[in-house]
Amino acid sequence: MPCNPAIGGPGKSQLVREVDALGGWTARLVDATALSVRALNTSRGAAMRVHRAQVDRHAFVRAWRRRLERTDGVDVLEDRVDGLKIEGGALRSVLLAGGGELTARVAILCPGTFLRGRVLLGDEVVLAGRRGEPPADGLADALGSLGLRRMRLNTGTTPRVHRDSVDLSGLELQHTCEAPFAFSFWNRPRTLPPDLPVAVTRTTARTHEIVRANLGRSPNGRGALAGPGPRYCPSLETKVARFPERDGHRVFVEPEGRDVPELYLQGLYTALPPPIQDEVVHSIPGLEAAKILSYGYDIEYDAIDPRQLRPSLELDGIEGLFLAGQVNGTTGYEEAAAQGILAGINAARRVRREEAVLLSRGEAFLGVLVDDLVTKGVTEPYRMLPSRAEFRLTLREGNADRRLSPIGHRIGLLPDALYEAACQRWQAIDACIEELQETRVGPGDAVERALAVRGSAPVQGGGRSLFALLKRPELRLADLGAGADLSEASSWEVEIEATYDGYLRRQRREIERLASLDAVEIPNDLGFGELDGLSAAGRELLAAARPVSYGQACRVPGVTQTDLQLLAVALRR
């Protein structure tokens with residue numbers, strides 16, 4: 001957690017929950033080190049509700065290290081990787097800077113921003129993977145020697161300020177939510193103490209004047225960055241230049257830990273020279289006297305074209321070499337964690353000569369993430385957004401355990417006790433739904449009193465089922481006298497199934513159709529250039545994406561319906 005001290009949010013909390021349902025530890029360690037938790041998107045309906053946690057960044061690192069060091073079968077070796085030995089299209093060993101060589105049938109590369117990394121701060125350019133840490137140029141050269149298509153991407157970080165130098169008295173404070181919550185399905189929900197809120201302030205007209213006057217002194221403003229940055233976390237310089245009509249942008253003042261003085265200025269990504277960053281920070285309400293502990297900077301690094309990956313995250317044509325995280329063109333801890341667990345699962349299964357675990361767009365946000373990467377590629381750092389998932393009502397934060405815990409248990413990653421807990425939870429939810437569907441009430445029934453209290457219309461005519469009544473947005477499950485034995489999280493799932501019943505049934509039909517298309521496999525040795533009638537553009541696009549199924553081929557951008565029909569004919573033959 002080297003940058004933003006938070007986990008979750010729209011599109012991202014779904015990934016955290018999916019990692020948890022498969023048997024990963026991210027959510028469990030977030031719960032152990034969280035400072036506060038907030039529910040987001042509450043006005044968009046129950047199915048869109050997600051959570052975001054502010055985390056003690058230093059405690060999170062320590063917790064992960066303890067978890068790894070106490071894991072049987074894991075040895076930790078610290079060194080720099082300078083090369084890879086590939087023979088016969090398969091990984092043979094990993095070459096270390098100190099001269100060592102690790103024989104390996106599989107390896108997972110997660111180099112983050114270190115491949116030919118450059119840190120830029122004002123006019124200063126330093127070769128580094130993070131400020132103060134050397135880049136992995138040898139590994140970058142090794143990947144280049146394999147003939148991989150590469151690109152340059154960039155991202156940035158914000159200044160950190162000392163807690164004691166900030167005046168929060170006039171700022172909006174976002175306290176932790178009052179309802180008990182746990183990111184992990186396997187932890188007991190709890191309410192966190194409200195003593196470390198996030199404060200919200202805004203840039204000012206003066207802030208924007210300073211930025212505009214110094215755009216040429218920013219790496220971004222003077223065109224010193226070779227690759228694109230993240231569209232959804234732009235730098236302050238980009239925001240000021242792109243939205244000249246705006247008189248301010250929100251800045252979230254986030255604690256980095258309980259026992260450390262740093263506050264992270266979320267939304268204030270900048271690489272202006274340090275004296276200018278001082279002016280910028282001091283022009284913002286509440287930060288007039290802020291002492292900057294470290295300055296923001298940009299970082300530029302190599303990534304590969306992820307269309308060279310299989311859906312298992314193994315490199316196409318190099319057996320045993322898996323890639324995960326920013327090297328695949330993504331941004332964000334949650335995206336990296338989700339890729340990491342999938343790559344880890346499939347690397348282990350490669351060693352055991354077992355079939356890879358693949359997730360579809362209809363099963364998980366992780367399936368959407370991987371399918372987007374390997375099918376469409378990236379033109380900028382990829383961030384997981386709910387809008388990217390066409391089945392987002394079905395792929396909710398709260399039902400990831402139903403969707404993925406059977407997979408985690410089947411492959412041996414999720415222990416029996418946790419899987420049994422998930423089964424019992426969903427058996428209770430299904431039993432409650434069935435009872436609601438079978439229980440009908442009519443005029444004069446006792447439930448009418450609850451309807452009147454909620455301002456809900458009385459039951460008319462021949463009556464309605466309790467399930468139908470629960471579709472009314474003003475009613476909760478408890479109003480109908482049902483679900484008394486369910487937890488709050490399970491009650492939400494029952495209510496969502498009722499409220500969105502028609503939409504969910506339609507999405508399930510679409511997911512079945514998607515599965516039928518993805519079940520039509522494309523042979524590895526199929527040469528797209530040899531298919532009669534295929535357009536030149538279609539050949540080029542399909543050859544670059546190397547789809548493994550007809551469904552994936554249908555999602556390759558730019559491939560026409562005519563080309564897809566010709567491909568279908570060839571596959572039938």
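None of these values were measured; they are calculated from a predicted model. Keep in mind that the numbers below use all heavy atoms, side chains included, and drop hydrogens, waters and symmetry copies.
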Thinking salt bridges, do [X] and [Y] make one under a 4.0 Å N-O criterion?
| X | Y | result |
| --- | --- | --- |
| Arg118 | Glu300 | yes |
| Arg383 | Glu334 | no |
| Arg410 | Glu354 | no |
| Glu497 | Arg396 | yes |
| Glu495 | Arg476 | yes |

With side chains defined as the heavy atoms from C-beta onward, is the minimum distance between [X] and [Y] less than 4.5 Å?
| X | Y | value |
| --- | --- | --- |
| Phe365 | Arg388 | no |
| Arg222 | Pro219 | yes |
| Tyr382 | Met384 | yes |
| Glu314 | Glu319 | yes |
| Asn346 | Val357 | yes |
| Met1 | Ile7 | yes |
| Val378 | Leu373 | yes |
| Arg402 | Asp430 | yes |

Holding to salt bridge (charged side-chain N to carboxylate O under 4.0 Å, His left out), I want the full list of residues that pass it with [X], two or more places apart in sequence or in another chain.
| X | result |
| --- | --- |
| Asp302 | Arg116, Arg150, Arg152 |
| Glu390 | Arg361 |
| Arg539 | none |

- Check each of Leu564, Val559, Thr560, Leu566 against Leu534 using the side chain to side chain contact (heavy atoms under 4.5 Å, CB included) test, and report the only one that passes. Leu566
Separation between [atom1] of [X] and [atom2] of [Y], rounded to the nearest 0.5 Å:
| X | Y | atom1 | atom2 | answer |
| --- | --- | --- | --- | --- |
| Leu321 | Asp316 | CG | CG | 12.0 Å |
| Tyr550 | Leu571 | OH | CG | 8.0 Å |
| Leu323 | Leu309 | CG | CG | 6.0 Å |
| Leu418 | Asp401 | CG | CG | 11.0 Å |
| Thr331 | Glu335 | OG1 | CD | 6.5 Å |

Give me the atom names and distance for the closest heavy-atom approach of [X] to [Y].
| X | Y | answer |
| --- | --- | --- |
| Ile511 | Gly362 | CD1-O, 3.7 Å |
| Ala107 | Val94 | CB-CG2, 4.2 Å |
| Tyr333 | Cys3 | OH-N, 2.7 Å |
| Gly9 | Arg52 | N-CB, 3.9 Å |

- Taking the six-membered ring for Trp, are His51 and Phe183 parallel (under 30°), tilted (30 to 60°) or perpendicular (over 60°)?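 Geometry flag for Phe183 against His51: perpendicular rings.
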[X] side chain to [Y] side chain, donor-acceptor N/O pair below 3.5 angstrom:
| X | Y | value |
| --- | --- | --- |
| Asp371 | Thr375 | yes |
| Glu18 | Gln14 | no |
| Thr270 | Glu237 | yes |

Validation: residues 136-146 side-chain donor-acceptor distances under 3.5 Å, sequence neighbours left out:
residue: Ser145; atom: OG; partner: Ala142; partner atom: O; Å: 2.6

- Under the side-chain contact (heavy atoms from CB on, under 4.5 Å) test, which residues partner Gln308, sequence neighbours left out?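 Testing Gln308 for side-chain contact (heavy atoms from CB on, under 4.5 Å), a comparison that skips the adjacent residues, returns Leu148, Arg149, Ile304, Asp305, Leu315.
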With a 3.5 Å distance limit and no angle check, can you tell me whether [X] reaches the backbone of [Y] through a side-chain donor-acceptor pair?
| X | Y | result |
| --- | --- | --- |
| Asn154 | Asp298 | no |
| Glu540 | Ala536 | no |
| Asn399 | Thr394 | yes |
| Arg403 | Ala21 | no |

- Query: Just checking, Arg17 and Phe185: is the charged tip under 6.0 Å from the six-membered ring centre and within 45° of the axis?
  - Reply: yes
- Step by step, would you call Leu342 with Phe322 a side-chain contact (heavy atoms from CB on, under 4.5 Å)? CA-CA 10 Å; Leu342 185 65; Phe322 294 78; over 6 Å; no
- Check whether more than 12 heavy atoms from other residues, nucleotides or ligands sit under 6.0 Å from atom CZ of Arg92, and answer yes or no.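 Yes, the 6.0 Å shell around CZ holds more than 12 heavy atoms from other groups.
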- Check step by step if side-chain contact (heavy atoms from CB on, under 4.5 Å) holds for Leu15 and Leu366. CA-CA 6 Å; Leu15 290 174; Leu366 175 50; 4.2 Å; yes
Show me the donor-acceptor pairs within less than 3.5 Å that the side chains of residues 513-523 make with the rest of the protein, sequence neighbours left out.
residue: Ser516; atom: OG; partner: Arg513; partner atom: O; Å: 2.6
residue: Asp518; atom: OD1; partner: Ser549; partner atom: OG; Å: 3.3
residue: Asp518; atom: OD1; partner: Arg555; partner atom: NH1; Å: 3.4
residue: Asp518; atom: OD1; partner: Arg555; partner atom: NH2; Å: 3.4

